[in-house]
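Each residue takes its place number in the sequence, starting with 1.
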Amino acid sequence: MTGKGLYNESANSVKNGNYIPEPQTDFIFAIVGEELGFVGCIAILLLLMLIAAECVVTGARAPDMQGRLICFGVASIVVFQTFINIGVVTAILPNTGIPLPFVSYGMSSLVAMYAGIGLVLNVRFRKKSLLEEVKDEHRFDSA
């Protein structure tokens, strides 16, 4: 249930026995499963689904269609990448090279995820739609 423990250095370990090609990138979920066990895997899945759920809630509350599309798009990317990565690790799907969001080692994926979450936060803190802001600016300019 709780795995072999963090930073397990035994010779029959998945990461030390060379059983998987790239343990820090595409197959990080296998390492999490070995070191943290079922509890760690469920914790990562819950955190990723919480991120996706918050994106959906933000999208539902967005004042304009652009905000909704951004939020639902980021949520769908997080869910899709999580599903594909875990499917690859569990051998349900062929190896595709899609990283686990916010967990895998790939820097370009991490930067893209942070940019997406930044856009979602921008939508969350926006009070008016962009169209209303433009109308307000033109009203003040003509006065």
Side-chain angles (χ1 to χ4, degrees), residues 1-140:
M1 287 294 284
T2 58
K4 293 181 178 179
L6 279 177
Y7 308 113
N8 181 19
E9 296 297 329
S10 66
N12 62 355
S13 170
V14 172
K15 68 178 176 183
N16 295 332
N18 291 328
Y19 295 115
I20 52 178
E22 290 294 324
Q24 72 275 12
T25 57
D26 296 342
F27 293 95
I28 191 70
F29 197 71
I31 303 302
V32 169
E34 180 183 38
E35 292 185 355
L36 300 177
F38 181 74
V39 175
C41 290
I42 294 298
I44 285 182
L45 284 175
L46 286 175
L47 288 172
L48 288 170
M49 291 306 116
L50 180 67
I51 290 171
E54 284 296 318
C55 290
V56 168
V57 167
T58 300
R61 294 179 183 169
D64 54 357
M65 182 58 82
Q66 292 88 359
R68 286 187 205 102
L69 289 174
I70 289 170
C71 294
F72 293 143
V74 171
S76 66
I77 288 171
V78 169
V79 170
F80 179 75
Q81 283 189 352
T82 301
F83 175 76
I84 295 294
N85 184 279
I86 292 173
V88 166
V89 169
T90 56
I92 295 172
L93 299 171
N95 192 359
T96 56
I98 294 179
L100 189 63
F102 301 110
V103 181
S104 290
Y105 180 72
M107 276 311 282
S108 60
S109 172
L110 191 63
V111 168
M113 282 292 141
Y114 281 148
I117 294 299
L119 291 172
V120 170
L121 288 174
N122 189 3
V123 169
R124 184 178 203 131
F125 295 129
R126 184 172 295 281
K127 302 294 183 200
K128 298 182 198 177
S129 71
L130 292 174
L131 187 60
E132 290 172 359
E133 288 182 12
V134 169
K135 286 180 183 177
D136 287 345
E137 286 178 15
H138 287 303
R139 189 180 65 201
F140 290 126

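Exactly one residue among V123, L121, N122 makes a side-chain contact (heavy atoms from CB on, under 4.5 Å) with T58. That residue is V123.
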What side-chain donor-acceptor pairs closer than 3.5 Å can you find for residues 70-93, not counting sequence neighbours?
{"from": "S76", "atom 1": "OG", "to": "F72", "atom 2": "O", "distance (Å)": "3.2"}
{"from": "S76", "atom 1": "OG", "to": "G73", "atom 2": "O", "distance (Å)": "2.8"}
{"from": "T82", "atom 1": "OG1", "to": "V78", "atom 2": "O", "distance (Å)": "2.7"}
{"from": "N85", "atom 1": "ND2", "to": "D26", "atom 2": "O", "distance (Å)": "3.1"}
{"from": "N85", "atom 1": "ND2", "to": "I98", "atom 2": "O", "distance (Å)": "2.8"}
{"from": "T90", "atom 1": "OG1", "to": "I86", "atom 2": "O", "distance (Å)": "2.8"}
{"from": "T90", "atom 1": "OG1", "to": "G87", "atom 2": "O", "distance (Å)": "3.4"}

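For E54, the side chain to side chain donor-acceptor pair (under 3.5 Å) partners are R124, not counting sequence neighbours.
Scanning all heavy atoms of the two residues, the minimum distance from M113 to P101 falls at SD-CB, 4.1 Å. Between S104 and P99, the shortest heavy-atom contact is CB-CB, 3.5 Å.
A 6.0 Å sphere centred on CE of M65 holds no more than 12 heavy atoms belonging to other residues, nucleotides or ligands.
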Q | Stepwise side chain to side chain contact (heavy atoms under 4.5 Å, CB included) check, M107 with L110 | A | CA-CA 5 Å; M107 276 311 282; L110 191 63; 4.2 Å; yes
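Expressed to the nearest 0.5 Å, how far CG of L36 lies from CZ of F29 amounts to 10.0 Å.
Considering only heavy atoms from C-beta on, L47 stays 4.5 Å or farther from F102 through its side chain.
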